[in-house]
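Take a look at the structure below.
We count ligands from 1, going down the list as the structure has it; atoms in each ligand are counted the same way. Quick note: numbers below take in every heavy atom, side chains included, and nothing from hydrogens, waters or symmetry partners. Computed from a prediction, not measured in an experiment: that's the story for all the values here.
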Amino acid sequence: MSKTKIASKIPVYPMPVIILGANVQGKANFLTVVWLTIVNFKPPTIAVVLNKGHYTNKGIHENKVFSVNVPSTEMLEITDYCSIVSGHDHDKSKIFKVFYGELVSAPMIQECPLTLECRLVKTVEFATHEVCFGEIVATYGDEEILTHERPDVAKIKPILYSMYDNCYWKMGKSIGRAMHVGKRFEPVK
Ligand SMILES: Cc1cc2nc3c(=O)[nH]c(=O)nc-3n(C[C@H](O)[C@H](O)[C@H](O)COP(=O)(O)O)c2cc1C
C-alpha cells in the first residue's frame with residue numbers, strides 16, 4: 001500500500017474526554033480536556049496539558065489540587081459546554097453536583113461515574129501550554145460501573161474525541177486482551 005504525505009500534523013489517536021475541575025477563589029470551575037496521560041504507577045501520577053490562558057489553571061495554582069472526572073456518553077452536551085464557555089466570563093460552578101474528598105478543595109462531579117482526586121506535584125511550562133502533574137490520592141466510582149470491584153470501561157461508556165474531524169465518538173467492543181492476543185502472532189522467519 002502506498003503512503004501519501006498529508007498536510008495534517010494533528011496527533012492521530014482518538015482520546016478519552018475528561019472534565020477537569022478546580023476551585024478558583026472558592027468557586028468550582030470545570031473545563032473539557034483530552035490532552036491527558038498516565039506518567040507513573042508508583043506514585044500513581046497523571047499529567048494534563050493546559051493552555052496557560054484557561055481560567056481553571058488559576059485554581060490549580062491557587063489550591064495545588066484538581067479533579068479528573070470521566071463523563072459518560074449521556075453527559076455529552078454538558079461536557080462540550082465546559083469547552084465552549086470559560087470561567088473568565090461564565091460561572092460554571094453550579095452546572096454539576098459537586099462533592100469533596102480528602103484534599104478538601106478539589107471539586108469532584110457527582111454525575112460522573114469515575115473521578116480521580118489529584119494533588120499537584122509539578123508544573124512544566126512549554127510554549128503556550130503548561131503540563132500539570134498530579135498524584136492521584138483517591139479514586140471514586142459509582143457502584144454501577146464496577147465489575148469485580150474494578151472500574152469497567154463498558155459500563156462507564158466514556159466519550160472519545162478525534163482531532164481530525166473535531167467529533168466525539170463512543171467506544172466499540174473489546175477485541176482482545178493486551179499482552180495475550182499477540183502470543184498467537186507468528187513472525188515471518
Ligand atoms: C474536545 C475538547 C478537548 C479539549 N482539550 C483541551 C486540553 O486538553 N487542554 C486545554 O488546555 N484545552 C482543551 N480544550 C479547550 C477548553 O476546554 C476550553 O478552552 C475551555 O473553555 C476552558 O475553560 P476555562 O477557561 O473555564 O478553564 C478542549 C476543548 C474541546 C472541545
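- Atoms of ligand 1 lying under 4.0 Å from any heavy atom of Cys82, numbered from 1 in the order shown and given with element: 20 (C), 21 (O).
- Interface atoms of ligand 1 facing Val49, defined by a heavy-atom separation under 4.0 Å, are 7 (C), 8 (O), 9 (N), 10 (C), 11 (O).
- Considering only non-hydrogen protein atoms, atom 22 (C) of ligand 1 sits nearest to His54 ND1, 3.5 Å.
- Remark: distances from the non-hydrogen atoms of Val85 to ligand 1 include one below 4.0 Å.
- Shown here is Ile84, whose CD1 atom has more than 12 heavy atoms of other residues, nucleotides or ligands within 6.0 Å.
- For the pair Ser83 and ligand 1, the shortest N or O to N or O distance falls below 3.5 Å.
- Of the candidates Val24, Thr32, Ile159, it is Thr32 that places a heavy atom closest to atom 13 (C) of ligand 1.
- Around atom 23 (O) of ligand 1, the closest heavy atom drawn from Lys58, His90, Lys92, His88 belongs to Lys92.
- Interface atoms of ligand 1 facing Tyr168, defined by a heavy-atom separation under 4.0 Å, are 1 (C), 31 (C).
- Note: no N/O pair closer than 3.5 Å links Ile84 and ligand 1 by distance alone.
- Heavy atoms of Tyr55 found under 4.0 angstrom from ligand 1 belong to the backbone as well as the side chain.
- For ligand 1, one of its N or O atoms has an N or O atom of Thr56 under 3.5 Å away.
- Side-chain contact annotation: His54 with Glu130, donor-acceptor N/O pair under 3.5 Å absent.
- The side-chain contact (heavy atoms from CB on, under 4.5 Å) test with Cys82 singles out one residue from Asn29, Thr32, Ile109, Leu20, and that residue is Thr32.
- Checking Asn69, Thr139, Asp142 one by one against Thr115, the side chain to side chain donor-acceptor pair (under 3.5 Å) holds for a single residue, Asn69.
- Between Gly87 and ligand 1, at least one N/O pair is under 3.5 Å apart.
- Any N or O atom pair closer than 3.5 Å counts here, and Trp35 shares at least one such pair with ligand 1.
- The proximity of Leu36 to ligand 1, defined as any non-hydrogen pair under 4.0 Å, does not occur for either the backbone or the side chain.
- Not a single N or O atom of Leu31, backbone or side chain, sits closer than 3.5 Å to an N or O atom of ligand 1.
- The shortest N/O to N/O separation between Val34 and ligand 1 falls below 3.5 Å.
- In this pair, Tyr168 and Tyr161 present their aromatic rings tilted. The plane angle is within the 30 to 60° band.
- Neither the backbone nor the side chain of Asn57 comes within contact range of ligand 1; no heavy atom lies under 4.0 Å.
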